[in-house]
Amino acid sequence: MSQLFLLVVLWGILVNFKITFWRESMLTVMRAPSRYVQGANAILELEKHVSSIGTKFYVVADEFVMNMTKEKIEQAFGGDTSKLVFEEFNGQSSMTEIRRIEELLKMSGCDAIIGIGGGRTFDTVKAVGHFSKVSVIIVPTIAATDAPCTALSVIYNDEGEFSEYLFYPKNPDVVLVDSTIIAKAPVRFLVAGMGDALGTYFEARTCLNTKSANLVAGAVSQAGFALSKLCYEILRDYGLKAKLAVENDAVTPAVEKVLEACTYLSGVGAENGGLATAHSIYNGFTILKQCEKTMHGEIVAFGTLVQLILEDQPMEEIENVIDFCLTVGLPITLNQIGLTDYTSEELMRVAQAACKEGETIHNTQGGVTVTEVYNAIVTANAMGEEYLQLA
């Protein structure tokens, strides 16, 4: 053998040892919000749960949510509006919006920020809180994503395309979930939340099996994995009952269980369990204009199906996920996520975007190629179409 060949072999051994040693020597890390509050009319007790972490609060929400909740927030503070400053969110969690609100917060004299609404509002507020070094309080009015509890933001450019993740040294200080408000939101939001939560267990399982880092740069803990598994079990056992209740503006025990699964278990489970293919597939589809009106969790649900096919999981498990999606109304085909007309070139671009350097899809055992991801997408779609015909 040539000296060059021997050097290449030796280098491969050293690199493999370094990777294996790093994976085996990672510390287990477990993080969560400092306080999680959930229940009917919880928003009316907001001041009770935030008074210890701030004296003046900068409240951020979009126009619709602001009109819906402003009086309740003021009521929660006993009508003392001197403790509150309200600002409308422009709808996009971009660095442009983050910097705008950051400057306004500095001028307000507030020492805490409250985000009310949905995922992009929270992503913006968490970023502003981090850069401004103030306490962060999250109040969801929908259960469409698991963003409330996580110490990260998904950042988009001003056109709405995925740009990057921002990671923070700590989780929100308080997450308060008012089940009465969420039950009155359109049921599509809750279903999308179940779609986002659906991937939690399967992505955490991948990271655990491949010894990949979770979202807080640590090894997957047994607690984090257990939360992700419980999340899936609750969705499977109570998802339909919760959906039917919310369709009738009702709060039932099933609704409370599913809200906790979509908000806390999914958020803490994903952060401590890690992400894999499902969320990378979502990021890939953000490059297509046809998917702009499709919700995050709806695409993640389809991405979960893609992941199971990419990993060649047992057909029984894939069928269970498809059955769940059909039961609660989550998409299992490209048509259902907005691609009524598409080309193979567009799907290849999605696969390429999903496989960008740094994407969590690379936590897959053995790694993936763009072609493998493309093939998994078209196969997932074909399988979904087949099951829709049988349904």
Side-chain angles (χ1 to χ4, degrees), residues 154 161-162 192 194-212 228 232 235 270 273-288 290-291 294-326 330-391:
V154 183
E161 296 177 352
F162 171 75
M194 287 193 272
D196 194 19
L198 177 62
T200 306
Y201 164 64
F202 301 106
E203 291 186 286
R205 183 179 67 183
T206 296
C207 292
L208 183 67
N209 290 340
T210 60
K211 296 184 180 179
S212 299
S228 73
Y232 177 56
L235 295 178
L275 300 181
T277 296
H279 275 79
S280 288
I281 293 298
Y282 164 76
N283 292 338
F285 276 109
T286 64
I287 70 170
L288 299 184
Q290 303 97 303
C291 296
T294 308
M295 299 184 71
H296 170 83
E298 293 171 335
I299 298 179
V300 171
F302 180 75
T304 301
L305 182 56
V306 174
Q307 174 173 326
L308 296 177
I309 291 171
L310 185 66
E311 296 177 343
D312 198 23
Q313 297 296 343
M315 195 63 197
E316 181 181 0
E317 182 173 81
I318 295 173
E319 288 177 339
N320 287 339
V321 169
I322 291 175
D323 287 342
F324 170 76
C325 291
L326 290 173
L330 284 166
I332 57 174
T333 67
L334 293 171
N335 179 64
Q336 291 177 321
I337 62 170
L339 293 177
T340 54
D341 185 30
Y342 59 88
T343 65
S344 58
E345 288 76 15
E346 286 176 317
L347 293 187
M348 185 60 75
R349 286 174 52 215
V350 169
Q352 290 169 341
C355 292
K356 282 183 178 178
E357 183 179 354
E359 276 290 346
T360 56
I361 198 170
H362 299 296
N363 290 334
T364 305
Q365 182 73 50
V368 296
T369 66
V370 171
T371 300
E372 288 171 336
V373 175
Y374 170 86
N375 289 339
I377 291 172
V378 297
T379 302
N381 178 63
M383 188 174 293
E385 294 285 2
E386 181 78 14
Y387 275 83
L388 284 180
Q389 292 178 10
L390 297 174

Notebook entry, point to check: Could you state the interatomic distance from CG (Leu208) to CG (Asn363), rounded to the nearest 0.5 Å?
Noted result: 11.5 Å

Check: What distance do Thr333 atom OG1 and Gln336 atom CD have between them, rounded to the nearest 0.5 Å?
Finding: 3.5 Å

Next item on the list: Please test Leu275 against Cys207 for side chain to side chain contact (heavy atoms under 4.5 Å, CB included), starting from the C-alpha separation and ending with a verdict.
Entry: CA-CA 7 Å; Leu275 300 181; Cys207 292; 5.8 Å; no

Notebook entry, point to check: Would you call Thr277 and Glu203 a side-chain contact if the rule is heavy atoms closer than 4.5 Å?
Noted result: no

Note to self: Are the side chains of Phe324 and Thr304 in contact, using a 4.5 Å heavy-atom criterion?
What the structure shows: no

Next item on the list: Can you measure from CZ (Phe162) to CD1 (Ile287) and round to the nearest 0.5 angstrom?
Entry: 12.5 Å

Note to self: Main chain of Thr343, side chain of Glu346: is a donor-acceptor contact present, judged purely on distance under 3.5 Å?
What the structure shows: yes

Check: Going by an N to O cut-off under 4.0 Å, is there a salt bridge joining Arg205 and Glu317?
Finding: yes

Next item on the list: Please step through side-chain hydrogen bond (donor to acceptor under 3.5 Å, both in side chains) for the pair Thr369 and Thr371, ending with a clear verdict.
Entry: CA-CA 5 Å; Thr369 66; Thr371 300; 4.8 Å; no

Item checked: Residues Tyr374 and Gln352: side-chain donor-acceptor under 3.5 angstrom -> no

Item checked: OG1 on Thr206 to CD on Glu311, rounded to 0.5 Å -> 3.5 Å

Margin query: Looking at Glu359 and Lys356, would you say the former's side chain and the latter's main chain have a donor-acceptor pair under 3.5 Å?
Written below: no

Margin query: Within the 4.5 Å heavy-atom criterion, are Met348 and Val370 side-chain neighbours or not?
Written below: yes

Next item on the list: For Tyr387 and Ile318, run side chain to side chain contact (heavy atoms under 4.5 Å, CB included): C-alpha distance rounded to whole Å, both residues' side-chain angles, the deciding distance at 0.1 Å, then the answer.
Entry: CA-CA 11 Å; Tyr387 275 83; Ile318 295 173; over 6 Å; no

Next item on the list: Apply side chain to side chain contact (heavy atoms under 4.5 Å, CB included) to Val378 and Leu347, showing your working.
Entry: CA-CA 8 Å; Val378 297; Leu347 293 187; 3.7 Å; yes

Margin query: For a quick check under 3.5 Å, do Thr360 and Ser280 share a side-chain donor-acceptor pair by atom type?
Written below: yes

Margin query: Contact between Thr379 and Val306 at the side-chain level, heavy atoms closer than 4.5 Å - yes or no?
Written below: no

Item checked: Rounded distance [0.5 Å steps], CG in Leu326 versus CD1 in Ile332 -> 4.0 Å

Next item on the list: Take Ile337 and Tyr282, measure what side chain to side chain contact (heavy atoms under 4.5 Å, CB included) needs, and give me the verdict at the end.
Entry: CA-CA 10 Å; Ile337 62 170; Tyr282 164 76; over 6 Å; no

Note to self: Less than 4.5 Å apart, side chain to side chain, heavy atoms only: is that true for Ile322 and Leu305?
What the structure shows: yes

Notebook entry, point to check: How close do Ile377 and Val350 get, heavy atom to heavy atom, and via which atoms?
Noted result: CD1-CG1, 4.1 Å

Checklist line | Test side-chain contact (heavy atoms from CB on, under 4.5 Å) applied to Gln290 and Asp341, Leu334, Leu339, Thr340, the passing residue | finding: Leu339

Item checked: Spatial distance of atom CZ (Phe302) from atom CG (Leu330) [nearest 0.5 Å] -> 12.5 Å

Item checked: For the student: nearest non-hydrogen atoms of Ala353 and Gly284, plus distance -> CB-CA, 3.8 Å

Next item on the list: Could you tell me whether the side chain of Gln313 and the main chain of Leu308 form a donor-acceptor pair under 3.5 Å?
Entry: no

Check: Under 6.0 Å between the ring centres of Phe202 and Tyr232?
Finding: yes

Checklist line | Glu372 (side chain) donor-acceptor with Leu310 (main chain) under 3.5 angstrom | finding: no

Checklist line | Flag, side chain of His362 to backbone of Glu357, donor-acceptor distance under 3.5 Å | finding: no

Note to self: Using the side-chain contact (heavy atoms from CB on, under 4.5 Å) definition, which of the options His296, Met295, Glu298 pairs with Asp196?
What the structure shows: His296

